[in-house]
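First up is the structure itself, then whatever we jot down about it.
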Amino acid sequence: MQRAVERRGIPTVSPSVARDVTEHAKPPRAVFLPFMMGHHFGVPFHRELQRRIILECLDHLVHARESGEIRALPITWAQARKEGVELERLRAEGV
Amino acid sequence: MTETSEGGEAAGRQLRAGLWATVNERYPGSMIDKTDFIPLAPLRKPLSECRLVFISTSGVQPRGTMPFDTVHPVGDYTFRRVPSSSPVEDLEIHQLKYPTVGANRDLNVIFPIERLRELAAEGVIGGLTEHFYSFIGYNMDPERLERTLAEDIAAAVSEEGADIALAAPA
């Protein structure tokens, strides 16, 4: 999909939680996150993380120099979940 | 003891390892396997002037549109247009092949339409295309997908006047 859009002259980037699948599909640019499938932009209500992942993708879009370049982010799923749980606790308390 | 993702997790390590091989072993030829890289399209203007299109395999679609065929044995090679101005309450997911536990509570974890609207409003990006594009992954014939659906969406995205594309698998 990404390759078809890129061929029409539109630069593309994608987040990936499956580095091996991305390595086989060879999209022009990708950002790898070690997250659960279906959670490419993080965890519920964690706006800051969701935003950060989009911004990392956009930064990679601007700075990647070689086709197929995969940027890896130094984030763990455990950390994302922990922050998500804390945010949910604050939400529940109405903070 | 219950296993958790914290058990020995290291940054950079894929949570669900060996995904490509697992699926391809069970359904030979169903996974995309390219041997070449395609040339990068150049970014022609600053991000703050670029109109962004979001393309997603999440199966997110406006309520009331024809649901994706999530049980067809070979897949559904159609797409839906999702107005980029849609309230999240007007959207729903029709796909069974990925965990929607997070997305069911906050759609932005897989379809970050609200975050993208914020970035456009702040001027980080120049704007959004009128529509985003959605289809379902887990189609079993990657050549057909490349020949039909990928070209159909690429043509539509091009007509929308997109300058850049954020594409997200699910």
Side-chain angles (χ1 to χ4, degrees), chain A residues 1-29 32 34-47 50-51 53-55 57-58 61-62 64-69 72-79 81-82 84, chain B residues 4-6 9-21 31-34 36-43 47 53 55 57-58 98-103 105-106 108-110 112 115-116 118-119 124-125 145-146 149-151 153-155 157-158 162-170:
Chain A
M1 178 62 61
Q2 236 180 294
R3 291 162 62 108
V5 175
E6 189 97 15
R7 276 203 195 93
R8 292 187 186 241
I10 300 168
T12 67
V13 63
S14 63
S16 163
V17 300
R19 191 171 186 133
D20 61 337
V21 176
T22 300
E23 284 169 356
H24 279 280
K26 296 185 174 51
R29 304 171 199 79
F32 173 68
F35 288 0
M36 186 160 94
M37 285 178 71
H39 296 70
H40 292 57
F41 297 93
V43 294
F45 314 116
H46 198 332
R47 292 177 176 212
Q50 295 167 3
R51 180 186 167 96
I53 292 165
I54 298 170
L55 290 175
C57 287
L58 294 176
L61 187 82
V62 172
R65 287 286 162 260
E66 306 229 342
S67 185
E69 222 173 299
L73 294 191
I75 311 175
T76 65
W77 179 236
Q79 182 63 29
R81 283 204 318 175
K82 201 179 290 174
Chain B
T4 74
S5 67
E6 292 170 52
E9 187 189 1
R13 199 173 72 182
Q14 187 170 318
L15 210 59
R16 173 71 171 82
L19 191 62
W20 190 93
M31 296 297 282
I32 299 172
D33 192 16
K34 291 291 179 189
D36 65 320
F37 294 96
I38 65 157
L40 293 182
L43 189 62
L47 281 181
V53 65
I55 305 168
T57 75
S58 60
Y98 68 90
T100 53
V101 59
R105 304 181 57 231
D106 177 6
N108 292 286
V109 305
I110 197 63
R115 297 296 85 75
L116 289 169
E118 288 161 10
L119 291 171
V124 175
I125 47 178
L145 184 139
E146 191 174 356
L149 180 57
E151 289 303 322
I153 290 186
V157 159
S158 195
D163 299 304
I164 54 175
L166 176 64

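Residue numbers start from 1 in every chain, and the chains themselves are labelled A, B, ... in the order their sequence lines are given, proteins ahead of strands.
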>> Below 4.5 Å, heavy-atom pairs only: which of A/R3, A/R65, A/R7 has the largest tally toward chain B?
In response: A/R3

>> I'd like to verify something: which residue of A/S16, A/A18, A/G38 has the highest number of heavy-atom pairs under 4.5 Å with chain B?
In response: A/G38

>> Among B/A17, B/P39, B/A155, which residue has the highest count of heavy-atom pairs closer than 4.5 Å to chain A?
In response: B/A155

> So among A/R47, A/H46, A/Q50, which one has a side chain to side chain contact (heavy atoms under 4.5 Å, CB included) with B/N108?
Replying inline: A/Q50

> Which atoms of A/F32 come close to chain B, meaning under 4.5 Å heavy atom to heavy atom: side chain ones, backbone ones, both, or neither?
Replying inline: side chain

> Got a donor-acceptor contact below 3.5 angstrom from the A/H39 side chain to the B/G102 backbone?
Replying inline: yes

>> Using modelled atom types and a 3.5 Å cut-off, is there a donor and acceptor pairing between side-chain atoms of A/T12 and backbone atoms of B/A165?
In response: no

>> Let me confirm one number: the CE-CZ distance from A/M37 to B/R16, rounded to the nearest 0.5 Å.
In response: 7.5 Å

>> Checking the side chain of B/Q14 only, and the main-chain atoms of A/R19 only, is there a donor and an acceptor separated by less than 3.5 Å?
In response: yes

> Nearest 0.5 Å, what's the CD-CZ distance between A/E6 and B/F37?
Replying inline: 13.0 Å

>> Would you compute the distance between atom CE of A/M1 and atom CD1 of B/I32 and round it to the nearest 0.5 angstrom?
In response: 8.5 Å

>> Need one label for B/S58: side chain, backbone, both or neither, based on atoms under 4.5 Å from any heavy atom in chain A.
In response: neither

> Should A/F45 and B/R105 be marked as a side chain to side chain contact (heavy atoms under 4.5 Å, CB included) after you check the CA-CA gap, both sets of side-chain angles, and the distance that decides it?
Replying inline: CA-CA 8 Å; A/F45 314 116; B/R105 304 181 57 231; 3.8 Å; yes

> Taking all non-hydrogen atoms of both residues, which atom of B/I110 and which atom of A/F41 are closest, and how far apart?
Replying inline: O-CE1, 3.9 Å

> If we only count heavy atoms from C-beta on, is the A/P34 to B/R13 side-chain gap below 4.5 Å?
Replying inline: no

> At a heavy-atom separation under 4.5 Å, does A/A25 approach chain B through its side chain, its backbone, both, or neither?
Replying inline: both

>> Can you tell whether the side chains of B/E151 and A/R8 come within less than 4.0 Å, N to carboxylate O?
In response: yes

>> If you count heavy-atom pairs within less than 4.5 Å of chain B, which of A/I54, A/D20, A/V21 leads?
In response: A/D20

>> For A/V17, which atoms come within 4.5 Å of any heavy atom of chain B: side chain, backbone, both, or neither?
In response: backbone

> Which atoms form the tightest heavy-atom contact between A/E66 and B/L40, and what is the distance?
Replying inline: C-CD1, 3.8 Å

>> Between B/L47 and chain A, with a heavy-atom cut-off of 4.5 Å, which part of the residue counts as in contact: side chain, backbone, both or neither?
In response: side chain

>> Between B/D36 and A/K26, is the side chain to side chain contact (heavy atoms under 4.5 Å, CB included) condition met? List the steps.
In response: CA-CA 7 Å; B/D36 65 320; A/K26 296 185 174 51; 5.8 Å; no

> Which answer fits B/L149, side chain, backbone, both or neither, if we ask what part of it has an atom under 4.5 Å from a heavy atom of chain A?
Replying inline: both

>> Please classify the contact between B/V53 and chain A as side chain, backbone, both or neither, with a heavy-atom cut-off of under 4.5 Å.
In response: neither

> When heavy-atom pairs shorter than 4.5 Å are enumerated against chain A, which of B/I38, B/T100, B/D33 gives the highest number?
Replying inline: B/I38

>> Could you go through B/I55 and A/V5, starting from their C-alpha distance and side-chain angles, then the distance that decides it, and tell me whether this counts as side chain to side chain contact (heavy atoms under 4.5 Å, CB included)?
In response: CA-CA 10 Å; B/I55 305 168; A/V5 175; 3.8 Å; yes

>> Counting heavy-atom pairs under 4.5 Å with chain A, which one of B/L166, B/V157, B/L43 comes out on top?
In response: B/L166

> Relative to chain B, which segment of A/R29 carries a heavy atom at a distance below 4.5 Å: side chain, backbone, both, or neither?
Replying inline: side chain

> Under a 4.5 Å heavy-atom cut-off, does chain B meet the side chain of A/I53, its backbone, both or neither?
Replying inline: neither

> Would A/L55 and B/L119 count as a side chain to side chain contact (heavy atoms under 4.5 Å, CB included) if you check the C-alpha gap in whole Å, the side-chain angles of each, and the deciding distance to 0.1 Å?
Replying inline: CA-CA 9 Å; A/L55 290 175; B/L119 291 171; 3.9 Å; yes

> CD1 of A/I10 to CG of B/D163: how many Å apart, nearest 0.5 Å?
Replying inline: 8.0 Å

> Most heavy-atom pairs under 4.5 angstrom with chain A, which of B/L19, B/L116, B/V109?
Replying inline: B/V109

> Top residue by heavy-atom pair count (under 4.5 Å) with chain B, among A/G9, A/S14, A/G42, A/S67?
Replying inline: A/S67

> Between A/P15, A/A4, A/P11, A/P28, which residue shows the highest count of heavy-atom pairs closer than 4.5 Å to chain B?
Replying inline: A/P11

>> At a 4.5 Å cut-off on heavy atoms, which part of A/V43 comes close to chain B: side chain, backbone, both, or neither?
In response: backbone

